[in-house]
Amino acid sequence: MQRKFRLTRSEDFKRVRRSGRSYAHPLVVLVVDKNPQGNLRIGVAAGRSAGAAVRRNRAKRLLREAMRTLTPTIASHTDLILIARSGLASATLADTRSALLNLLQRAQLISPPHES
RNA sequence: CAGGUCGGUUGGGCGAUCGCGGUGGCGCGUUGUCGCCAUCGAGGAAAGUCCGCACUCCAUAGAGCACGGCGUCGGAUAGUCCCCGGGGCGGGGAAGCCUCCGUAAGGAGCGAACCUGCCGGACAAGGGCCACAGAAACAAACAGCCCCGCGCUUGCGCGGGGUAAUGGUGAAAAGGUGGUGUAAGAGACCACCGGCGUUUGCAGUAAUGCAGAGCGUCAGGUAACCCCCGCCGGGAGCAAGGCCAAGCAGGGACGAAGCCAUCUGCGGAUGGCGGGAGACGGCUCGUCUUCAUACGUAUCCAAUCACGCGGUGGUUGGGUCAGUCCCGGGUAGGCUGCAUCGAGCGGCGCGGCGACGCGCCGCCCAGAGAGAUGAUCGCACAUGCGGGGCAACCCGCAGGACAGAAUGCGGCUUAUAGACCGACCUGAGGC
RNA sequence: UGGGGAGUCGUCCAACGGCAGGACACAUCCCUCUGGAGGAUGGUAUCUUGGUUCGAAUCCAGGCUCCCCAG
């Protein structure tokens with residue numbers, strides 16, 4: 001995921017966390033808000049509760065890798081924040097991807113893949 | 001060979017595809033949060049932040065006090081209480097050997113390499129504390145032993161004195177054993193052992209050790225309690241610091257004037273001409289950007305008057321109000337510090353027991369800012385499990401620790417699956 | 001990057017360097033037709049590793065975990 005499609009500034013994170021809707025899953029939390037520029041941006045976060053530095057990095061890498069394949073199917077004009085929870089660092093890539101798919105469907109950002 | 005220790009090296013390899021970050025080069029009807037190519041991309045601890053430096057900013061006449069740290073000797077270093085090598089006093093240390101006890105099983109002692117804790121002063125001075133037990137906890141006499149006097153039931157009571165060997169208590173009671181000595185005793189005296197703010201010789205740079213002489217042997221412990229002595233110490237930290245700088249607020253300069261048309265819900269809105277400020281140009285002018293009809297018994301200041309006097313009100317005078325431009329400081333934010341030119345890394349040689357030092361050759365090696373290393377697959381490899389095989393080995397499944405740079409460096413501490421190499425000690429056997 | 005604090009029964013708190021205590025909870029018994037309440041009895045702990053000391057929860061050092069503060 002290239003940096004230009006990433007949420008980077010602190011005020012963006014604050015805005016999305018304050019005014020966006022959140023959807024929870026045991027592995028990850030999704031926060032959705034409208035993007036003022038009209039494109040899709042994604043932020044990834046892992047707090048102290050996600051573990052030590054290796055586990056936090058592992059969780060963020062898993063989220064980025066899982067989102068890489070899902071990004072083209074997501075509706076635009078939104079800012080997303082993915083917050084890792086404590087169990088994510090020991091999860092597999094397939095687990096992460098299905099968790100994200102579940103969350104995106106609940107947020108109605110992606111149509112249910114009835115063909116798969 | 002068996003057992004016990006210690007040190008060092010390494011920290012999963014090769015390849016393919018997709019993805020991410022930095023740097024360099026090239027490209028462009030699109031100068032971009034762009035595209036293409038090349039190249040580089042975590043560690044031995046990157047961790048904890050326990051020490052010490054570099055670097056940066058602030059403070060700084062001198063001296064003293066307070067506070068904090070350190071305290072054996074020598075060395076190494078840019079520097080360190082922490083590194084290296086010694087010294088002293090403790091603690092730990094397998095099997096076996098050896099010694100002792102035991103008929104034996106076994107037990108106790110000794111115990112190597114090595115590991116590990118501590119290190120000024122309790123006699124240079126002072127204060128505090130030492131529970132319980134015990135007569136007594138730093139100064140003493142409970143029982144006991146002995147002497148003297150008195151009494152009588154002649155081995156006991158009372159009174160006075162001597163003593164600290166014996167008993168019991170305790171972690172600790174003015175060194176231990178044997179003798180001389182004595183009324184009983186006592187370093188009172190003697191021998192040996194132990195000890196020492198004494199001293200001589202030898203070894204060592206020194207701490208210290210060994211040997212001898214001397215001192216009768218000295219009134220406990222605790223300074224990781226206060227304290228005393230000696231030495232050392234300015235503060236902050238890359239979110240340090242430097243540069244640029246929206247917005248808001250501040251200071252300065254300039255600073256206006258309306259008229260017409262259309263619509264109208266009569267509040268106003270839009271447009272034209274004119275006006276203000278600034279920028280640019282070919283500068284008596286043109287173009288562009290932008291602003292306004294706000295002015296009110298608004299608000300601020302000064303003087304003065306009145307009253308019900310820290311206040312309120314009146315009068316007079318002056319300032320402020322739109323906008324533009326300029327100025328300094330500076331917030332958000334950006335750039336830098338900051339990506340090796342260095343206490344740098346690798347190799348070889350030399351010196352040193354070692355920490356480390358010196359010389360030569362080669363190399364240029366991560367750098368983000370919501371924070372780059374991931375995913376999938378294949379081939380071998382170490383390991384574990386199951387099966388087959390006499391065996392080498394084959395097949396299947398599982399599966400590779402601790403852990404992620406954020407200014408850099410040195411030391412320490414802590415976590416760590418394994419793999420490899422080397423050294424030391426003890427014992428047994430062989431030559 | 002720097003600074004501060006805490007760790008004691010299952011939980012919340014006490015404790016001069018000298019026998020670790022209290023409340024609630026838990027277990028057993030009594031009381032009751034049963035349960036609750038009440039009463040009696042009991043078990044249970046100093047984060048960890050070393051050191052100083054005759055003696056350590058307390059003093060010192062290293063480690064682990066958690067919390068807080070400043071920029």
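Keep in mind that the numbers below use all heavy atoms, side chains included, and drop hydrogens, waters and symmetry copies. To find a chain, count down the sequence lines: A is the first, B the second, and so on, and within it residues start at 1.
Classification of B:G369 as syn follows from a glycosidic angle within 90° of 0. Base orientation at B:G267 is syn, since its O4'-C1' glycosidic dihedral falls within 90° of 0. Taking the syn range as angles within 90° of 0, the glycosidic angle of B:U284 is syn. For B:A42, the O4'-C1' to base torsion is within 90° of 0; the nucleotide is therefore syn. Against the 90° criterion about 0, the sugar-base torsion of B:C70 places it in the anti range.
Rounded to whole Å, atom P of B:A401 lies 14 Å from atom CZ of A:R55. Rounding to whole angstrom units, CE of residue A:M67 and C1' of B:C20 are separated by 16 Å. Atom CZ of A:R56 is separated from atom P of B:A372 by 11 Å (rounded to the nearest Å). Per the geometry, CG belonging to A:L63 stands 15 Å off C1' belonging to B:C20, to the nearest Å.
For B:C335, the paired base is B:G242 (Watson-Crick or G-U wobble, both distances below 3.5 Å). With a cut-off of 3.5 Å on both Watson-Crick or G-U wobble distances, the partner of B:A54 is given as B:U407. Using Watson-Crick or G-U wobble geometry with both donor-acceptor distances under 3.5 Å, B:A203 finds its partner in B:U208. Both distances falling under 3.5 Å, in either a Watson-Crick or a G-U wobble arrangement, place B:C263 opposite B:G268. The partner of B:A343 is absent, by the rule that a Watson-Crick or G-U pair needs both atom distances under 3.5 Å. For B:U10, the paired nucleotide is B:G418, the pair qualifying as Watson-Crick or G-U wobble because both relevant distances are below 3.5 Å. For B:A16, the paired base is B:U376 (Watson-Crick or G-U wobble, both distances below 3.5 Å). Of the nucleotides present, none pairs with B:A224 by Watson-Crick or G-U wobble criteria with both distances under 3.5 Å.
Of the P atoms belonging to C:C60 and B:C119, the separation is 15 Å, rounded to the nearest Å. One P atom belongs to B:U407, the other to B:A47, and the distance between them is 11 Å to the nearest Å. Comparing the same atom, C1', in B:G195 and in B:G187 gives a spacing of 14 Å after rounding to whole Å. B:A292 and B:C248 have their P atoms separated by 16 Å, given to the nearest Å. The P atoms of B:U336 and B:G367 are separated by 14 Å, rounded to the nearest whole Å. Taking atom P in both B:A219 and B:A122, one finds a spacing of 15 Å when rounded to whole Å. Nucleotides B:G88 and B:G359, compared at atom C1', are 41 Å apart to the nearest Å. Nucleotides B:G233 and B:C345 have their C1' atoms positioned 36 Å apart, rounded to a whole Å.
The closest side-chain heavy-atom distance from A:V28 to A:L100 is below 4.5 Å. A:L104 has its side chain out of reach of A:N102: every pair of non-hydrogen atoms, C-beta onward, lies at least 4.5 Å apart. No side-chain heavy atom of A:V29 sits less than 4.5 Å from a side-chain heavy atom of A:L82.
With sequence neighbours excluded, no residue satisfies side chain to side chain donor-acceptor pair (under 3.5 Å) with A:R85. Residues satisfying the side-chain contact (heavy atoms from CB on, under 4.5 Å) test with A:A45, not counting sequence neighbours, are A:I83. With sequence neighbours left out, the side chain to side chain donor-acceptor pair (under 3.5 Å) criterion links A:D33 to A:R15, A:S19.
In terms of position on RNA chain B, the residue among A:N57 and A:A45 whose nearest nucleotide sits closer to the 5' end is A:A45. Each of A:A53 and A:G43 lies near RNA chain B, and the nucleotide nearest A:G43 is the one positioned closer to the 5' end.
Hydrophobic cluster membership of A:L93, counting Ile, Leu, Val, Met, Phe, Trp and Tyr whose side-chain heavy atoms lie under 4.5 Å apart directly or via other members: A:L62.
A:F13 and A:V44 get closest at one heavy-atom pair: CZ-N, 4.3 Å.
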Please write out each protein N/O paired with an N/O of nucleotides 373-378 of chain B under 3.5 Å, distance rounded to 0.1 Å.
{"from": "B:U373", "atom 1": "OP2", "to": "A:R61", "atom 2": "NE", "distance (Å)": "3.2"}
{"from": "B:G374", "atom 1": "O3'", "to": "A:R58", "atom 2": "NH1", "distance (Å)": "3.2"}
{"from": "B:A375", "atom 1": "OP1", "to": "A:R58", "atom 2": "NH1", "distance (Å)": "2.8"}
{"from": "B:A375", "atom 1": "OP1", "to": "A:R58", "atom 2": "NH2", "distance (Å)": "3.3"}

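For A:R106 (side chain) and A:A24 (main-chain N/O), a donor-acceptor pair under 3.5 Å exists by modelled atom type.
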